[in-house]
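To start, the structure under review is shown below, and the notes come after it.
Since the model is a prediction, treat every value here as computed from it, not as a measurement.
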Amino acid sequence: MSNRKIKPGEQRTAKLSTMLPVKAELTPRTFDSICQKVRDLLAAGTLKPGDKLPAERQLAEQFGVGRSALREALRTLEASGVLTLKKGAYGGAFIREGDPSRVTQVIQDLLYLGSISLENLTEARVLIQDVIVRLACQRATAADLAALDRNIDLAETLTKEKRFSERLEASIEFYRLLAAAAHNPVLSITVDAMADILLSVLRILISTGVSKPRTDLIEVRRAFMARLRARDADGAAAEMKAHLISVHRQLSRAPITTRPSAKRRPLERPAKRQNAMKLG
């Protein structure tokens, strides 16, 4: 009898073999149908992160498909972030944990392919941040506020030392911390995706001299935090919107060619902003 240790997920493999559909009905695009069947099993809770799928031959029999179609489906699911394919004695197809970075890649690809425009992205950001700010005013804990304060202190130090590239990263991190203070993981994932994309655009603008770091960033951040700490949702949202619109006006000058997917109304301009052409 073998004394080999059971790897995580393997203990469910035999059980899953009896739970997977036998000779499932599939359409002519077989590998697409297999992918959907696996996703259906995830939705039903039959498959969970860490689970190992049955062996390739057994899986092909249960789906009623050829092994070439099955392999194509498994590779597609791996590329989509659903599976991890491992080789070797302890290898196989394993269900992955969710990977939020996939959202970033999808949005970035859509932007560069022209399916969405930078204006679409920045407009959505203004609207999403408004929701985040209002939720943060309700839900932010003392620890959340302290993390935001530390971020501003760091940005202030980097400003004094003229380390603007690092300050840019700290500035983007501020939005991630703010999203975390809203205590909604979907909003955090959305903000992470937008932040990664906008950070790359802002770097281009600064490195090419199109824009300069704004000089009043710390003052703007402190004013916002005063509103947030006072749980003044309307005031905090107004502060954030004015800042974002001034930043987004600069983003529109980025050397990225995209085409809007639909006609849109221009963003409302904030009233009397002195440093509208500076970046945060």
Side-chain angles (χ1 to χ4, degrees), residues 1-110 128 131-132 135 139 141 143-144 147 176-177 179-197:
M1 180 179 291
S2 173
N3 293 320
R4 181 176 70 82
K5 279 190 172 182
I6 302 296
K7 294 289 182 179
E10 284 190 327
Q11 64 273 18
R12 281 177 51 85
T13 304
K15 188 180 295 184
L16 289 169
S17 298
T18 63
M19 298 170 72
L20 292 173
V22 179
K23 300 291 182 182
E25 287 187 24
L26 300 173
T27 64
R29 290 204 65 181
T30 305
F31 79 94
D32 280 339
S33 297
I34 297 170
C35 292
Q36 188 56 52
K37 289 290 183 183
V38 171
R39 289 188 168 98
D40 289 345
L41 291 168
L42 282 169
T46 305
L47 291 174
K48 300 180 184 299
D51 284 346
K52 181 182 179 182
L53 296 183
E56 188 178 282
R57 179 180 297 175
Q58 184 178 1
L59 200 55
E61 289 175 356
Q62 292 194 299
F63 279 127
V65 300
R67 293 174 71 174
S68 61
L70 178 65
R71 286 172 187 152
E72 186 173 6
L74 295 179
R75 285 194 294 267
T76 300
L77 289 168
E78 182 182 39
S80 301
V82 176
L83 294 179
T84 296
L85 301 180
K86 299 180 181 178
K87 296 181 178 179
Y90 304 129
F94 295 84
I95 301 296
R96 289 186 59 170
E97 296 287 342
D99 183 5
S101 68
R102 298 277 172 174
V103 178
T104 302
Q105 191 60 60
V106 168
I107 295 176
Q108 191 170 63
D109 289 344
L110 290 172
I128 291 168
V131 174
I132 287 171
L135 286 176
R139 302 175 179 176
T141 65
D144 292 327
R176 293 191 173 100
L177 293 171
H183 294 276
N184 183 308
V186 176
L187 290 174
S188 289
I189 290 170
T190 305
V191 167
D192 280 347
M194 290 186 170
D196 288 341
I197 295 167

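- The minimum heavy-atom distance between A193 and V103, with the atom names listed, is CB-CG1, 3.9 Å.
- Judged by distance alone, the side chain of D144 and the main-chain N or O of T141 form a donor-acceptor pair under 3.5 Å.
- Here L85 contributes atom CG and E56 contributes atom CD; the two are 9.5 Å apart, rounded to the nearest 0.5 Å.
- With rounding to the nearest 0.5 angstrom, the CD1 atom of I107 is 7.0 Å from the OG1 atom of T190.
- The two residues V65 and L70 have their closest heavy-atom pair at CG2-CB, 4.3 Å.
- What you find for L47 and L53 is that their closest heavy atoms are CD2-CD2, 3.7 Å.
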Exercise. Do Q36 and D32 pass the side chain to side chain donor-acceptor pair (under 3.5 Å) test, and can you show the C-alpha distance, the side-chain angles, and the key distance before you say yes or no?
Worked result: CA-CA 6 Å; Q36 188 56 52; D32 280 339; over 6 Å; no
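- Considering every non-hydrogen atom in both I132 and A179, the closest pair reads CG2-CA, 3.8 Å.
- Between D51 and T46, the shortest heavy-atom distance links the atoms OD2-O, 4.0 Å.
- Contact annotation: the side chain of I95 never approaches that of K48 to less than 4.5 Å [non-hydrogen atoms, C-beta and beyond].
- The residue from L77, V82, T84 that alone fulfils the side-chain contact (heavy atoms from CB on, under 4.5 Å) condition with R96 is T84.
- Scanning both residues, N184 and R139, for their nearest heavy atoms gives CB-NH1, 4.3 Å.
- For the atom pair L83 CG and K52 NZ, the distance stands at 13.0 Å (nearest 0.5 Å).
- Side chain of R67 to main chain of L59: no donor-acceptor pair is present (N/O by atom type, distance under 3.5 Å, no hydrogens or angles).
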